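Predicted, not measured: the structure shown is a model, and the values here were computed from it. Sequence lines set the chain letters: A, B, ... in the order given, protein chains first and strands last, and positions in each chain run from 1.
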Amino acid sequence: MWMNTQIVALDTNINIYYSPWLSRGADNAVFMAEILKDTFSGNPLEITVYTKNAEDEGSGATAVATLSSLTGGFVEANVTGLKELFRFGMQFKAGAAGQGAEFRILPPTWYDTAV
Amino acid sequence: MASPTVTIPGRRISHQETFYTDWMSRGGDCAVLRAQALYKSSTTGSIYISLETRSLEDTSATSMDTFYPSSAPKLLKLDAVGVKTAIYLATTGSNSPARGCKEQVRCKVTFTSGSAGDYYVLRIFPLIYFDNCMPA
């Protein structure tokens, strides 16, 4: 689990912050996060999953899914065909500096294709 | 590839069948239940998967209600091939049906509706446990 993390906007630009690259646990995964509070009045916090192979150079990578709302702050994405590494991108746009969000990412469900 | 990723690695469940998993120790007050229907051979039948919970000293099980889905039936309903999610979120007190996990949990799996000869193949993934970090 990625424990509670607070992001505070220092300006009103569109910002995106990345997690470190992590090794996949299987070919597919269901990722879930809980957004505990979001005061961004520009664009709300959006969490995207990126993937690349270990041999690939650079921080640029393929965005494979954006976590979408289930209910009550929980967002989820079912991602199939992950490459060797994955990471999260947190994007937001504040209406004024000082706005922010608090969230945590739950452990994913890893699974391989069975049929 | 990964360490075991499934609680039930793929099982056929037939019309009118109900079965339970073994009791498992909880890993937190709250849980995410996920299951996948791998194959469906039924026009109108559905699979209901719900959590039951109990304390170690209990001899009976307590049914649990999901936070998500929030409308009845408050459980994980599979009616098509694919992966589905249910969230069980504890509150500050106790509830009936329970909202949070007691010391042990198990899954109840039921084939609902449908007709004779219908079946699904499903797998249930390991529960994801977590605790509330704010009053709920």
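- Between the side chain of A:Arg24 and the backbone N or O of A:Leu82, at least one donor-acceptor pair lies under 3.5 Å.
- Contact of A:Glu76 with chain B is made through the side chain alone, with heavy-atom distances under 4.5 Å.
- Comparing A:Thr71, A:Val30, A:Asn4 by how many heavy-atom pairs each has under 4.5 Å with chain B, the most go to A:Val30.
- No part of B:Leu127 comes within reach of chain A, as not one of its non-hydrogen atoms sits under 4.5 angstrom from that chain.
- Contacts between B:Val121 and chain A at a heavy-atom distance below 4.5 Å are absent for every atom of the residue.
- Between B:Glu17 and B:Arg12 there is no salt bridge, since no side-chain N of the basic residue sits under 4.0 Å from a carboxylate O of the acidic one.
- With hydrogens and angles left out, the side-chain atoms of A:Gln6 and A:Glu102 include a donor and acceptor closer than 3.5 Å.
- Side chain to side chain, A:Arg87 and A:Ser19 fail the donor-acceptor criterion of an N or O pair below 3.5 Å.
- The choice from A:Leu36, A:Val115, A:Thr113 that makes the most heavy-atom pairs within less than 4.5 Å of chain B is A:Leu36.
- Heavy atoms closer than 4.5 Å to chain A are found in the side chain of B:Ile128, but not in its backbone.
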Run the salt bridge (Lys or Arg N to Asp or Glu O under 4.0 Å) test on B:Glu52 and B:Arg106 for me, step by step, so that the C-alpha distance in whole Å, both residues' side-chain angles and the decisive distance to 0.1 Å come before the verdict.
CA-CA 5 Å; B:Glu52 293 188 343; B:Arg106 69 175 178 183; 2.9 Å; yes
